[in-house]
Every structure is written in C-alpha cells, then in structure tokens.
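In what follows, chains carry the letters A, B, and so on, assigned in the order in which the sequence lines appear, proteins first and then strands, with residues in each chain numbered from 1.
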2 protein chains.
Amino acid sequence: MTNDKKIFHKRTERRDAAENRQRILDAALKLFNQSGVGQVSMNQIATEAKIGPGTLYRRYRNKGELCLDLIKDNVVLLFEDIDTYLEENREESPSLRFKAVLSLFLRFRENKAQLLKGVEDSMSTNSGNPLTNSPIYNELHQIFVNLFEEIYPPESTRVKNAFRADMLLLALRSDSYLFQREVRGYSSEMILEQIYSIFISNK
Amino acid sequence: MTNDKKIFHKRTERRDAAENRQRILDAALKLFNQSGVGQVSMNQIATEAKIGPGTLYRRYRNKGELCLDLIKDNVVLLFEDIDTYLEENREESPSLRFKAVLSLFLRFRENKAQLLKGVEDSMSTNSGNPLTNSPIYNELHQIFVNLFEEIYPPESTRVKNAFRADMLLLALRSDSYLFQREVRGYSSEMILEQIYSIFISNK
DNA sequence: ATGATAAACGGAGATGTCTCCATTTGTCAA
DNA sequence: TTGACAAATGGAGACATCTCCGTTTATCAT
C-alpha cells in the first residue's frame with residue numbers, strides 16, 4: 001500500500017496537481033450555483049480557480065467532463081441503488097422492476113438536472129452521441145437490455161432489445177426529458193407513466 | 001403584382017441584398033461539398049462569399065438557418081409527397097400509411113443527411129430542442145399525431161398520442177438515426193422496420 | 001433628377017474554446 | 001541532499017461565434 005508507486009512504477013498524483021483539482025471543483029461549484037451551469041465558461045472557471053486555461057483543459061477536455069466529475073459520486077450511488085433493488089426484488093415481475101429502475105433514474109435526473117445537462121451538452125458538441133460516449137448511458141443500456149430480454153424474449157419480438165433500449169435512452173436524455181417537462185408541462189411522474197406505457201405493451 | 005410594394009408599403013428586397021444572398025448560398029454549397037458541412041465555419045463562408053461576417057449573421061443567425069435555406073425546396077417537396085400519398089391512400093390501413101410516411105421521411109433524411117444534421121446541430125446549440133424549434137419537426141409531429149389517433153383512439157390508450165409522436169421524432173433525429181446507422185450498423189430499411197415495430201404494436 | 005430614409009454593409013472587438021510549448025516544480029533514486 | 005526527469009503549469013495565440021455601430025447605398029416619393 002505504501003509502496004504502490006514503487007511496485008507499479010506509477011507516480012502518484014503530484015501534490016500541486018491535487019490541490020489544483022480541488023480548487024477547480026470548488027470554483028466550478030461556486031460559479032455553477034451562482035449563475036447556472038450553462039452560463040459559466042471554462043475561462044471563468046480557470047480564472048476563479050486561479051489557474052491558466054491550459055491547465056484546466058488538460059485536466060478536463062471540456063465542461064462536460066468537469067460536470068461528470070462533479071456528479072461522479074451520485075452516479076456511483078445511483079447504480080448501487082439500482083443493483084441493490086434488482087437483487088432484492090428478483091421475484092417481482094420484470095415490468096415492475098423496469099418501472100422501478102426508471103423511477104430511480106428519473107429521481108437522479110431531477111436532482112442533478114443541471115449538471116447532467118452540462119454533461120450531455122458537451123458530449124453532443126464534442127464527440128458525437130451522448131448515447132455512445134457517456135459511461136452512464138452505456139451502463140443503463142445494459143441494464144435495460146437485460147430487463148427487456150425478460151419481458152420480450154428475442155424469439156417473440158421483431159424488435160431487437162438493444163434497439164428498444166436505445167429508444168428508451170433517447171427519452172431519458174436531457175433535451176427530450178426537459179422538453180416534456182418544460183414545454184409539454186408534464187410532471188416527472190407523468191413522464192414515467194407515459195414512457196412505461198410505451199415500452200411495456202399493456203396487453 | 002408590379003405594385004405589391006406600393007400596396008403593402010413593403011419594400012422589396014434590395015438588389016444588392018439579393019445578390020449577396022445568392023453569393024452566400026453558392027459559397028456555402030461550394031465549401032460544404034469541398035469539406036463537409038461540419039468542417040465549414042461561418043467565417044469561411046463569409047470570406048468565400050466576399051462579405052463581412054456581420055452581413056452573413058444578419059441574414060442567417062447561425063449555420064443551421066443557412067442549411068435550412070439550402071434544403072428548403074426539398075422540405076417543401078417532402079411534405080407535398082407526404083400529403084399526396086396520404087390523400088391518395090385514405091383507404092389503406094393507418095399502419096400502412098404510417099409506414100409509408102416514415103419511409104418517405106427516411107428517404108429524405110438519407111438524401112440530405114449532412115445538411116439536416118447541420119440544421120439540428122445548431123438548433124440544439126442555440127435554441128434548445130430541435131423538436132420544438134424546427135418547423136420540419138413541428139409539421140411531422142402533427143402528421144404523426146393524426147395517424148396515431150387513428151391507430152390508438154385516445155380512449156383506448158394510456159399514452160397521449162402527442163407524447164408518442166414526440167418519442168417517434170426522437171428516433172428520427174440526426175444524432176440517433178446516424179447512431180443506429182453508423183455505430184449499430186443498421187441499414188435504412190432495418191431502422192424503419194424496428195421503429196415501425198416499436199410504435200405499432202403488432203397484436 | 002434628387003434627397004430622405006430605411007436597409008444593408010463590413011469590420012473591429014468581446015468572448016469563448018482549445019492547443020502548443022517554453023518554463024517551472026514536485027518526486028524519486030542514488 | 002541532490003539532481004534528473006516526468007509532470008504540471010500558464011499564457012499566448014489560432015480560430016470560432018456573434019454583436020455593435022459608423023458608414024454606404026438602393027429605393028421611393030416628390
């Protein structure tokens with residue numbers, strides 16, 4: 001343990017780097033609370049953290065990565081919650097478990113709406129599709145595929161469950177979720193209900 | 001006709017303005033073909049068209065509006081095709097008409113993939129949701145809602161058809177369509193089939 | 001024709017993203 | 001302790017978006 005660095009020939013994070021990291025996180029959080037994630041530029045964050053822009057960009061290639069770092073703990077918790085629920089409720093029907101997972105995610109989405117939008121916005125600006133690149137969505141995709149496989153056995157449906165899960169994830173992305181929330185005026189619960197009914201054919 | 005301007009107290013577009021408009025369109029088309037829509041900046045277009053950046057931005061608030069102008073004719077044609085089809089096939093089943101409209105749109109999407117992506121990209125960067133702001137998607141939304149109402153009478157489904165249409169339009173957006181096309185490796189026909197099967201419950 | 005006027009123009013500049021690289025600094029081995 | 005080296009730094013600068021505003025110009029009424 002004390003010798004990890006020797007054993008693996010890997011240097012530990014330099015002390016000044018660790019300090020800067022924390023200063024960045026503090027600065028970002030402060031500015032985000034002050035003006036909203038969308039309004040804050042990387043430059044402002046660098047200035048507030050008293051570091052050069054280059055330093056900031058080496059650590060976080062864009063604002064999305066910074067936002068992701070800021071919610072990393074919550075993401076881990078979310079997936080722990082999901083795993084726990086799924087393990088403790090193996091006996092429940094797949095559709096009920098599906099709804100529960102959806103519900104857990106939507107709660108998370110409501111809590112971290114701004115930062116999550118920050119993540120997705122720069123993902124789509126910088127590197128194609130949020131679906132592909134965000135680890136969050138990849139992991140969710142796997143979870144939903146598994147549930148769908150129980151509900152729609154591959155031999156009984158013309159739709160590939162990976163595709164079905166892709167469609168579901170579209171509905172959970174910030175832009176579409178917030179659109180339903182703000183433009184169409186749905187509550188979180190109503191959105192859940194609608195999504196559920198579309199993806200679980202209620203025979 | 002010769003007196004529209006007098007009658008309506010509206011000046012006609014100035015000659016130099018009209019010339020510039022055409023120069024912009026030509027320049028944009030040339031550069032787009034040369035390097036791809038995504039790689040070309042507004043500055044480059046302004047330079048190529050031999051006008052100042054301010055002039056370009058007054059006419060088109062962003063690259064998306066320019067792209068939209070470039071495909072406006074095709075958009076009109078698309079909706080004419082859809083209207084014609086729907087009028088000539090009133091007797092067909094709603095699901096068949098649904099699939100046909102989907103097919104017409106996907107053909108359009110394949111033809112104008114780059115420019116359409118250009119439109120949607122700046123829509124989402126600049127003004128929230130492509131769903132809301134693009135006239136194309138608004139009109140499609142209406143068409144799909146009408147078809148859904150035939151297939152799923154409001155009293156028989158828990159899902160609002162406006163919501164269903166919103167979900168469908170998500171699947172038709174550039175980023176998700178191209179994701180299926182390029183990452184998942186589906187052909188246009190396979191995507192059509194999958195979307196159809198998800199939104200038309202095949203009892 | 002011509003002058004008043006609204007429209008169009010262009011380019012400077014504010015702000016933002018992101019890269020590059022000369023310089024500094026912490027760390028580890030000797 | 002020290003010096004070599006990898007890691008980290010910061011800021012200049014390349015480009016991009018987009019705005020603002022003083023200047024030019026086409027058009028219409030007279």
> Counting only non-hydrogen atoms, which of residues 28-41 of chain B are less than 4.0 Å from DNA chain C?
Replying inline: none
> Quick one: A:Arg21 CZ to D:dA7 P, roughly how many Å, whole number?
Replying inline: 16 Å
> Taking the six-membered ring of B:Tyr152, is the NZ or CZ of B:Arg164 close enough (under 6.0 Å from the centre) and on axis enough (within 45°)?
Replying inline: yes
> Base, sugar-phosphate, or nothing for B:Asn43, non-hydrogen atoms under 4.0 angstrom?
Replying inline: base
> For A:Asp175, which residues count as a side chain to side chain donor-acceptor pair (under 3.5 Å) partner, sequence neighbours excluded?
Replying inline: B:Arg173
> Of the candidate nucleotides D:dA26, D:dT17, C:dT17, which contains the atom at the shortest distance from the side chain of B:Met42?
Replying inline: D:dT17
> Okay, side chain of A:Thr47, backbone of A:Asn43: is any donor-acceptor separation there less than 3.5 Å?
Replying inline: yes
> From B:Ser122 OG over to B:Leu66 CG, what is the distance, rounded to the nearest 0.5 angstrom?
Replying inline: 9.5 Å
> If you look at every strand shown and take non-hydrogen atoms under 4.0 Å, does B:Arg14 touch a base, only sugar-phosphate, or nothing?
Replying inline: base
> Going by number, which of residues 44-65 of chain A have a non-hydrogen atom under 4.0 Å from DNA chain D?
Replying inline: A:Ile51, A:Gly52, A:Pro53, A:Gly54, A:Thr55, A:Arg58, A:Arg59
> What residues form a side chain to side chain donor-acceptor pair (under 3.5 Å) with A:Gln194, not counting sequence neighbours?
Replying inline: none
>> Does anything in residues 116-144 of chain A form a ring-ring contact (aromatic ring centres under 6.0 Å, His included)? List the pairs, not counting sequence neighbours.
In response: A:Phe98-A:Phe144
> How would you list all residue pairs meeting ring-ring contact (aromatic ring centres under 6.0 Å, His included) that involve residues 30-71 of chain A, not counting sequence neighbours?
Replying inline: none
> Only one of A:Glu150, A:Glu87, A:Glu88 forms a salt bridge (Lys or Arg N to Asp or Glu O under 4.0 Å) with A:Arg97, so which one is it?
Replying inline: A:Glu150
